[in-house]
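Read the structure below first, then the notes.
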Amino acid sequence: TLSSSSAASDVYKRQVQFSALKSNLDFTIDGYYWDFGDGTRAEDRDAIHYYRKPGIYNIQLGVTSAVTNEDEFPEKVCVVKKILVLPRNR
């Protein structure tokens, strides 16, 4: 699950918190990889980001599974969510 704690109209130049807490997969997640669509990235389950410009951003969350033996390859899953960042009303 890719969720944001702020409404689109309220995120410009403010903190936005993203969470992968509700990710429901058939494997144990070993790594989290966020791409915020503006050239910045993070590698934690939960991430905080600031958008410096209004616009449309494609947020990507990739996860990989833990590998328990040398003959296995990690499973990988990626989800994408588009968000609209609006300028704040004055």
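Scope of the values below: all heavy atoms of this structure, side chains included, with no hydrogens, waters or symmetry mates. We're numbering straight along the sequence, starting at 1.
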So the salt bridge (charged side-chain N to carboxylate O under 4.0 Å, His left out) pairs with at least one residue in residues 59-78 (sequence neighbours excluded) are none
Please test Ser19 against Asp46 for side-chain hydrogen bond (donor to acceptor under 3.5 Å, both in side chains), starting from the C-alpha separation and ending with a verdict.
-> CA-CA 4 Å; Ser19 179; Asp46 301 319; 2.7 Å; yes
Is [Y] close to [X] at the side-chain level, that is, under 4.5 Å between some pair of heavy atoms?
{"X": "Val85", "Y": "Lys53", "answer": "no"}
{"X": "Val63", "Y": "Leu25", "answer": "yes"}
{"X": "Asn69", "Y": "Val67", "answer": "no"}
{"X": "Trp34", "Y": "Ile59", "answer": "yes"}
{"X": "Arg41", "Y": "Tyr33", "answer": "no"}
{"X": "Asp30", "Y": "Ser65", "answer": "no"}

Correct closest heavy-atom pair for Leu61 and Ala20 would be CD2-CB, 3.4 Å
Shortest non-hydrogen pair, Ala47 vs Phe36, comes out as CB-CZ, 3.7 Å
With sequence neighbours left out, the residues meeting side chain to side chain donor-acceptor pair (under 3.5 Å) with Asp44 are none
Between the CZ atom in Phe18 and the NZ atom in Lys81, the distance rounded to the nearest 0.5 Å is 8.5 Å
The reported gap from OG1 in Thr40 to CG in Asp35 (rounded to nearest 0.5 angstrom) is 7.5 Å
By ring-ring contact (aromatic ring centres under 6.0 Å, His included), Tyr57 pairs with (sequence neighbours left out) Tyr51
